[in-house]
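Each chain gets a letter, A, B and so on, in the order the sequences are listed, and its residues count up from 1.
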Amino acid sequence: MADEILNGNTDSEASNFIRDLVRSDVAAGLRGGRVETRFPPEPNGYLHIGHVKAICLDFGIAEEFGGVCHLRMDDTNPTKENMEYVESIINDIHWLGFDWGKHLYFASDYFEKMYECAQTLIRKRLAYVCDLAPEAWEAYRGDLTNPGKEPPGRLRSVAENLDLFARMRAGEFEDGAMVLRARIDMASPNIHMRDPVIYRIRRVHHFRQGDKWCIYPMYDFAHPIEDAIERITHSFCTLEFEIHRPFYDWLLKSLDWPDPPVQTEFSRLNLNYTVMSKRKLLELVRDHHVSGWDDPRMPTVSGLRRRGVPASAMRNFCELVGVTKFNAVTDMAFFEHCVREELNRGASRYLAVLDPLKVVIENYPEGQVEYLDAVNNPENPAAGSRQVPFAREIYIERSDFMEEPVKGYFRLAPDREVRLRYGYFIRCTGVEKDAAGRITALRAVYDPETRGGNAPDGRKVKGTIHWVAIAAAVAGTARLYDRLFTVEAPGADGTDYLTQLNPDSLREAACWMEPALAALPVGETVQFERLGYFCKDRDSTAECAVFNRTVALKDSWAKKQAR
RNA sequence: AACCCCAUGGUGUAAUGGUAGCACAAAUGAUUUUGGUUCAUUUAGUCGAGGUUCGAAUCCUUGUGGGGUUGCCA
């Protein structure tokens, strides 16, 4: 602990280029020395773990430098946006533990102001109405290797442009008949500077503006204005917007905006064995490859929450993964590590058996039930202990018995002794099988002297296994999740990512649990000892508790076996 | 093909011209009433070639590799 402090490895404030940039801006007194950021999602889908990285950055930097972070719905394209998405975004960010106070904004609330900005541009001869069809425009645009050429619309007078633009707004023209373009440089090597479209005609009902507008601003035009109106100082976005930055700067300069915000780009989060694009996530939901946006296999915030991942684990993961401009792919194993680390500290332990094998303890009194003291969390003595019922007939995990044990196996085997967690030592005295030779039950004897798990004579056992008393057990279902895709980079090399879905990403198992688990509230994540972390799902009923496996425990024995 | 961005162990990231460090993963051992946890140890890196400098992961040139851009999406 002391070493960590000495080494400066207190992880919560690892240096990154954006933090350094903001620090130096503040030190230099740029933009009044203020720090004001924003997280600007388009409400056209649910938030995923990639967004969480941006959220942690935007809110984290603001908080660190004593500023505020706005939540702004970037709702400039009504075709894909709706209120359900807005609500899920708000809910998810709050759940993650961030708050924007009164600073919730909608880009669409600025439409009038944006319209005025467009008029200003027209008056400055920096924007014009273009009635070229998209295909016709291509001839003027040029391409990556060839410069574009002067489009005819550039010749229009200010008055005519003002008039046409007003009539675009008034709905005099068909969708797509004309657009408003910024007038910049048709020869620019950056195609986004070759007179980009800033307004298009689109007769679509807007979920907040209704049918007030039939023209909508493009992202390139809208975003800088949104940032500027809100007096954002630092506008962080992902790498693909890098090439838009010259336009961002050009626009605010053209509008003579004082002290304009500055855009800085960082690389988005990529995780292997999953997909992160909204298009693909939407497709998984729409075509029922998963049960919904909050399917526990989804990398969405709602999915991971339902899976049992704590918000703190997500935040910590995003902090540890860092912020750079390098196009990185983070190992899912690292995410799982962050989840386990958090849960190991906080999750209470319980006993549950997923693949039951009955054991009859022949020297234990028939009909007797006693209660054994079980520690709730060895990592946290304050979590206390509970009583677990024990009886003559119990279930153990089928994998905890081997009739002919392999080398290195130290669980139960004929004539071998193991410890029942929190209970007694038992010795296997017999194996019962059905006609097919499948083991149906085990006979065993227990040593009454070993109650609690220690032998007075000092003898040791190698294995400790979990169990539940059959008579007191509660029935439930465990949903065992595995990675959603079978390959590290779904969709790479032109392969259809849907063909790479993991057919075994969900396996349901009946499970037998100690009674305390029945009373657990929905949404709580606990550890099933020796198995993994499980989160009580909202599908639970009075008769059947449903648990989603968040992540399995590390299993060095299984790993060794696999080798 | 043109322009822009990027390149540090298998993965992610630090070192801001001065001892290449951390985490994950992997391996070994110790501890352990979870084959969990914890602890110790080990393996493993500055993309190549030139240059500047007393000194380069860092600056310059160049090559290579990866990513982005040719929506009236964001």
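- Note on A/E370 versus A/R451: salt bridge recorded, some NZ/NE/NH1/NH2 to OD/OE distance being below 4.0 Å.
- Side-chain atoms of A/K80 lie closest to B/C73 of the nucleotides B/G12, B/A26, B/C73.
- Nearest-nucleotide mapping onto RNA chain B: of A/R421 and A/E242, the residue sitting toward the 5' end is A/E242.
- Counting only Watson-Crick and G-U wobble pairs whose two distances sit under 3.5 Å, RNA chain B takes part in these stems of three or more pairs: B:2-7 with B:64-69, B:10-13 with B:21-24, B:26-30 with B:38-42, B:47-51 with B:59-63.
- Remark: side-chain polar atoms of A/S277 are paired, donor with acceptor, to backbone N or O of A/K280 under 3.5 angstrom.
- You'll find that the side chain of A/H337 is closest to B/A23, out of B/G12, B/A74, B/A23.
- Counting distance only, with no hydrogens placed and no angle test, the side-chain atoms of A/E379 and the base atoms of B/G36 include a donor-acceptor pair under 3.5 Å.
- Residue A/H192 is classed as a sugar-phosphate contact, given heavy-atom separations below 4.0 Å to backbone atoms only.
- Using a 4.0 Å heavy-atom cutoff across all strands shown, A/T79 reaches no nucleic acid atom at all.
- Within the 4.0 angstrom heavy-atom criterion, only backbone atoms of the sugar-phosphate kind lie near A/V329; the bases stay farther away.
- Residue A/V197 has its side chain nearest to B/C72 when only B/A74, B/U69, B/C72 are considered.
- Under 4.0 Å is where a charged nitrogen must lie from a carboxylate oxygen, and between A/K325 and A/E242 at least one such pair does.
- OP1 or OP2 of B/G71 lies within a sub-4.0 Å distance of a side-chain N or O belonging to A/R141.
- Residue-level contact check: A/F410 touches the bases, meaning some heavy atom is under 4.0 Å from a base atom.
- Note on residues 554-563 of chain A: no pairs pass side-chain hydrogen bond (donor to acceptor under 3.5 Å, both in side chains), not counting sequence neighbours.
- Each of B/G35, B/G36, B/C72 was ranked by its minimum atom distance to the side chain of A/R411; first place goes to B/G35.
- One donor-acceptor pair, N or O on each side, does fall under 3.5 Å between the base of B/U34 and the side chain of A/Q527.
- At least one side-chain nitrogen or oxygen of A/K559 sits closer than 4.0 Å to the OP1 or OP2 atom of B/A26.
- Checking A/N454 against A/A133, the closest nucleotide of RNA chain B that is more toward the 5' end is the one next to A/N454.
- B/A74 has no base stacking with the ring of A/Y219 when judged by centroids under 5.5 angstrom apart and an interplanar angle below 30°.
- Base orientation of B/G71: syn (glycosidic angle within 90° of 0).
- Using a 4.0 Å cut-off between charged nitrogen and carboxylate oxygen, A/D447 and A/R459 count as a salt-bridge pair.
- Comparing B/G12 with B/G66, their P atoms sit 16 Å apart, to the nearest whole Å.
- Whole-Å rounding puts the A/K554 NZ to B/G36 P distance at 8 Å.
- The A/T330 side chain lies nearest to B/G12 when the options are B/G12, B/G36, B/C73.
- Taking the six-membered ring where the residue is Trp, A/F111 and A/Y216 present perpendicular rings, their angle passing 60° and hence far from 30°.
- Within 6.0 Å of the OH atom in A/Y371, the count of heavy atoms belonging to other residues, nucleotides or ligands does not exceed 12.
- Using a 4.0 Å heavy-atom criterion, one finds that A/Y199 contacts no nucleic acid atom at all.
- Side chain A/R349 to base B/U34: a donor-acceptor pair is found below 3.5 Å.
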